[in-house]
Amino acid sequence: MDRDIHKARALVVEPQATMRSILAAQLRDLGVGHVTTVQRTREARLALEQGPFDIVLCCREFEGMPDNGQDLLDELRRENQLPHSTVFIMLCSEVTYHQVVEAGESALDGLIIRPCSATALESRLLEARKRKRELAPVLQALDTGQDEQALALAIRRWEAQQPYALWCGRLGGELLLRLGRTAEARRLFEALAGPEGASWALLGVARAQLAAGQWQQAQYVVQRVLQSDPDNADAHELDGRLLIEQSQFDRALQAYGRAVEITPSCLLRNQHAGALAFYQGQAPSAAQWLSSAVSMGSQSKLFDPLTLVLLALLRADAGDLPGLHAAASQLALNRQRFADSPRLQRLGDVMEAQVMMAEGRTDDAMARLNTLSDAARDEAFDIEGANLLLGLWARTPVGQRCGPRHKALVRRLGLRFCTCLLYTSPSPRD
């Protein structure tokens with residue numbers, strides 16, 4: 001019996017209209033009080049950001065679409081956009097061994113073959129809600145931001161090997177990382193990995209090593225995971241982060257590109273890969289990934305408005321004035337939503353300067369550029385702003401950027417944000 005199910009709010013994410021209606025009816029027959037249905041993962045992301053749901057039924061495969069339910073779940077879990085008390089059940093056309101492993105690693109609450117019977121759905125749903133009630137103290141502490149209390153409760157269950165001990169152990173490792181206790185996190189993930197070396201636990205070890213600045217050790221662990229599981233998107237993404245730390249940007253871009261290839265509907269990975277491709281001068285790849293990110297969810301909390309600015313610069317370079325104006329309009333909407341954001345104000349100024357240049361309003365553009373250059377002296381001016389400012393200057397006519405003022409700006413930004421490491425090889429006598 002689940003006496004509180006009438007209070008539950010459910011979200012159904014299913015591309016087929018008939019199946020959406022059937023699933024919604026099955027949930028209502030089980031007593032669920034409120035059911036919302038959507039067709040795409042981007043609509044689901046927005047719905048989940050706007051209000052909490054107690055139950056989510058999500059299709060894993062979306063035929064003819066880049067959407068993927070597993071990618072959605074992984075992203076929401078990774079970015080803490082899904083309450084831990086929410087039951088998330090995945091609906092699959094078939095269940096393979098890889099999907100079962102993937103489901104376990106993402107803390108999925110259930111995996112059901114679609115179309116599913118009302119009996120099968122009821123069984124999985126009630127079991128998942130029972131588990132949530134069993135872990136309620138831990139989940140409530142998490143959802144209210146009491147990380148230390150949640151950590152203590154989770155570690156106690158893990159050490160006592162109480163029901164759901166593995167889940168609690170994994171949670172404990174994530175919380176230790178969040179709290180900056182990297183050595184403890186590494187030891188816990190090593191214990192969770194066990195002799196078989198579970199991929200998710202080994203990646204936890206590598207993340208702890210990365211946080212501690214142990215890049216080579218972390219990279220060894222990541223490569224170990226990739227050797228046994230070459231399609232592990234999390235491993236490719238972590239590999240990319242490690243390579244960036246070591247300034248190996250071309251290899252990092254390959255790693256991020258592979259992560260996007262495996263999980264094409266992941267908003268954050270498209271943004272990260274697109275930004276890195278932009279800064280590496282890979283315009284076609286950058287435009288593809290950044291455009292995908294915009295189409296997936298420009299209204300999402302996970303969306304970075306920098307994506308629109310970088311995409312606008314690429315469209316201006318390609319002579320795509322309508323595309324540039326479209327990006328500018330979308331950024332203007334973001335600025336209206338977050339009117340007090342200094343970062344959005346700066347991004348908006350960069351966008352307006354680019355539009356002025358593209359429209360041939362050179363005097364207005366140079367005035368805006370000079371204003372931005374003066375702002376570069378402010379303490380709050382960061383490396384993102386420096387990159388965008390230099391990117392704008394690089395797109396002005398040569399005659400406009402050869403004067404002493406521009407040279408002084410480049411020197412000032414270089415001294416402030418760039419580090420030059422001088423290395424002298426020891427002589428044979430040393």
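Put simply, the side chain of Arg315 never gets that close to the backbone of Ala326: no donor and acceptor are under 3.5 Å apart. Panel note: side chain Ser117, backbone Ala120; a donor-acceptor pair is recorded below 3.5 Å. Side chain of Thr263 to main chain of Ala259: a donor-acceptor pair is present (N/O by atom type, distance under 3.5 Å, no hydrogens or angles). The backbone N or O of His34 lies less than 3.5 Å from no partner atom in the side chain of Arg9, so there is not a single donor-acceptor pair. A donor-acceptor pair under 3.5 Å is absent between the side-chain atoms of Arg258 and the main chain of Ala233, judged by distance alone. At distances below 3.5 Å, not a single donor-acceptor pair connects side-chain atoms of Asp378 with backbone N or O atoms of Ala380. Remark: the backbone N or O of Gly391 is paired with a side-chain donor or acceptor of Arg395 at under 3.5 angstrom. For Gln280 (side chain) and Ala275 (main-chain N/O), no donor-acceptor pair under 3.5 Å exists by modelled atom type. Not one N or O on the side chain of Gln214 forms a donor-acceptor pair closer than 3.5 Å with the backbone of Leu210. A distance-only check finds a donor-acceptor pair linking the side chain of Ser341 to the backbone of Leu344 [under 3.5 Å].
One finds the CG atom of Leu27 at 12.0 Å from the CD1 atom of Ile22 (value rounded to the nearest 0.5 Å). Rounded to the nearest 0.5 angstrom, Phe189 CZ and Trp200 CH2 are separated by 6.5 Å. To the nearest 0.5 Å, atom CG of residue Leu121 and atom CZ of residue Arg114 are 13.5 Å apart. Taking CD1 from Ile55 and SG from Cys58, the interatomic distance works out to 14.5 Å, rounded to the nearest 0.5 Å. Annotation: the span from Leu125 atom CG to Ile5 atom CD1 amounts to 5.0 Å, rounded to 0.5 Å. Leu188 CG to Glu159 CD: the interatomic distance, rounded to the nearest 0.5 Å, is 9.0 Å.
Nearest heavy-atom pair, Asp71 versus Pro264, reported as atom, atom and distance to 0.1 Å: OD2-N, 3.9 Å. Here the shortest heavy-atom pairing between His236 and Pro230 reads NE2-O, 2.8 Å. Closest approach of Leu388 to Val309, counting heavy atoms only: CD2-CG1, 4.0 Å. In plain terms, the two heavy atoms of Leu409 and Ser373 that are nearest each other are CD2-OG, 3.5 Å. Heavy atoms only, all atoms of each residue included: Leu311 and Ala287 are closest at CD1-O, 4.1 Å. Across all their heavy atoms, Glu61 and Cys92 have their closest contact at OE1-CA, 3.7 Å.
Under the 4.0 Å criterion applied to side-chain N and carboxylate O atoms, Arg269 and Glu75 are not assigned as salt-bridge partners. In this structure, Glu384 pairs ionically with Arg343, as a charged nitrogen and a carboxylate oxygen lie closer than 4.0 Å. Using a cutoff of 4.0 Å between basic side-chain nitrogens and carboxylate oxygens, Glu190 and Arg187 are not scored as salt-bridged.
Between the side chains of Ser265 and Asn68, no donor-acceptor pair is found at a separation under 3.5 Å. With 3.5 Å as the limit, one finds a donor-acceptor pair spanning the side chains of Gln70 and Asp74. In this structure, a donor-acceptor pair under 3.5 Å is present between the side chains of Gln246 and Gln219. Side-chain atoms of Asn334 and Gln330 form no donor-acceptor pair, as typed in the model, at a separation below 3.5 Å. With 3.5 Å as the limit, one finds a donor-acceptor pair spanning the side chains of Gln345 and Arg335.
Looking at heavy atoms from C-beta onward, Glu14 lies out of side-chain contact with Thr37 at the 4.5 angstrom threshold. Contact check for Asp143 versus Ser85: side-chain heavy atoms found under the 4.5 Å cut-off. A 4.5 Å side-chain heavy-atom check between Gln209 and Gln216 finds every atom pair outside the cut-off. Counting heavy atoms from C-beta on, the side chains of Leu73 and Leu82 come closer than 4.5 Å. Proximity of Asp304 to Thr307: side-chain heavy atoms (C-beta onward) are separated by under 4.5 Å at one or more points. Put simply, the side chain of Leu72 reaches to within 4.5 Å of the side chain of Arg45, judged on heavy atoms. With a 4.5 Å cut-off on side-chain heavy atoms, Trp289 and Leu276 do not count as touching. A 4.5 Å side-chain heavy-atom check between Glu49 and Leu302 finds at least one atom pair inside the cut-off.
With a 6.0 Å radius and a threshold of 12 heavy atoms from other residues, nucleotides or ligands, Arg224 has its CZ atom at or below the threshold. Atom OH of Tyr220 sits in a sparse spot, with 12 or fewer heavy atoms from other residues, nucleotides or ligands closer than 6.0 Å. Within 6.0 Å of CD in Gln161 there are more than 12 heavy atoms belonging to other residues, nucleotides or ligands.
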Side chain to side chain contact (heavy atoms under 4.5 Å, CB included), that's the test. Do Asp109 and Val56 meet it? Break it down for me.
CA-CA 10 Å; Asp109 295 302; Val56 178; over 6 Å; no

Run the side chain to side chain contact (heavy atoms under 4.5 Å, CB included) test on Met296 and Asn270 for me, step by step, so that the C-alpha distance in whole Å, both residues' side-chain angles and the decisive distance to 0.1 Å come before the verdict.
CA-CA 10 Å; Met296 282 179 204; Asn270 275 276; 3.2 Å; yes

Please evaluate residues Asp54 and Lys132 with respect to the criterion salt bridge (charged side-chain N to carboxylate O under 4.0 Å, His left out), reporting the C-alpha separation (whole Å), side-chain torsions for both, the decisive distance (0.1 Å), and the verdict.
CA-CA 10 Å; Asp54 304 287; Lys132 298 293 185 182; over 6 Å; no

Where do Val13 and Leu57 land on the side chain to side chain contact (heavy atoms under 4.5 Å, CB included) test, with the steps shown first?
CA-CA 6 Å; Val13 190; Leu57 300 184; over 6 Å; no

Might you work through the side chain to side chain contact (heavy atoms under 4.5 Å, CB included) test for Leu142 and Leu175, ending with a clear yes or no?
CA-CA 9 Å; Leu142 279 174; Leu175 289 172; 3.8 Å; yes

Please assess Glu174 against Arg181 for the test salt bridge (charged side-chain N to carboxylate O under 4.0 Å, His left out), listing each intermediate value before the final yes or no.
CA-CA 10 Å; Glu174 297 293 339; Arg181 295 157 61 174; over 6 Å; no

What do the steps show when you test Arg129 against Glu134 for salt bridge (charged side-chain N to carboxylate O under 4.0 Å, His left out), and what is the final call?
CA-CA 9 Å; Arg129 283 175 62 82; Glu134 173 80 16; over 6 Å; no

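In this view, Ala386 and Phe381, Leu413, Phe417 satisfy the side-chain contact (heavy atoms from CB on, under 4.5 Å) rule, not counting sequence neighbours.
Below 30°, between 30° and 60°, or above 60°: for His406 and Trp393 the angle between ring planes is between 30° and 60°, a tilted geometry.
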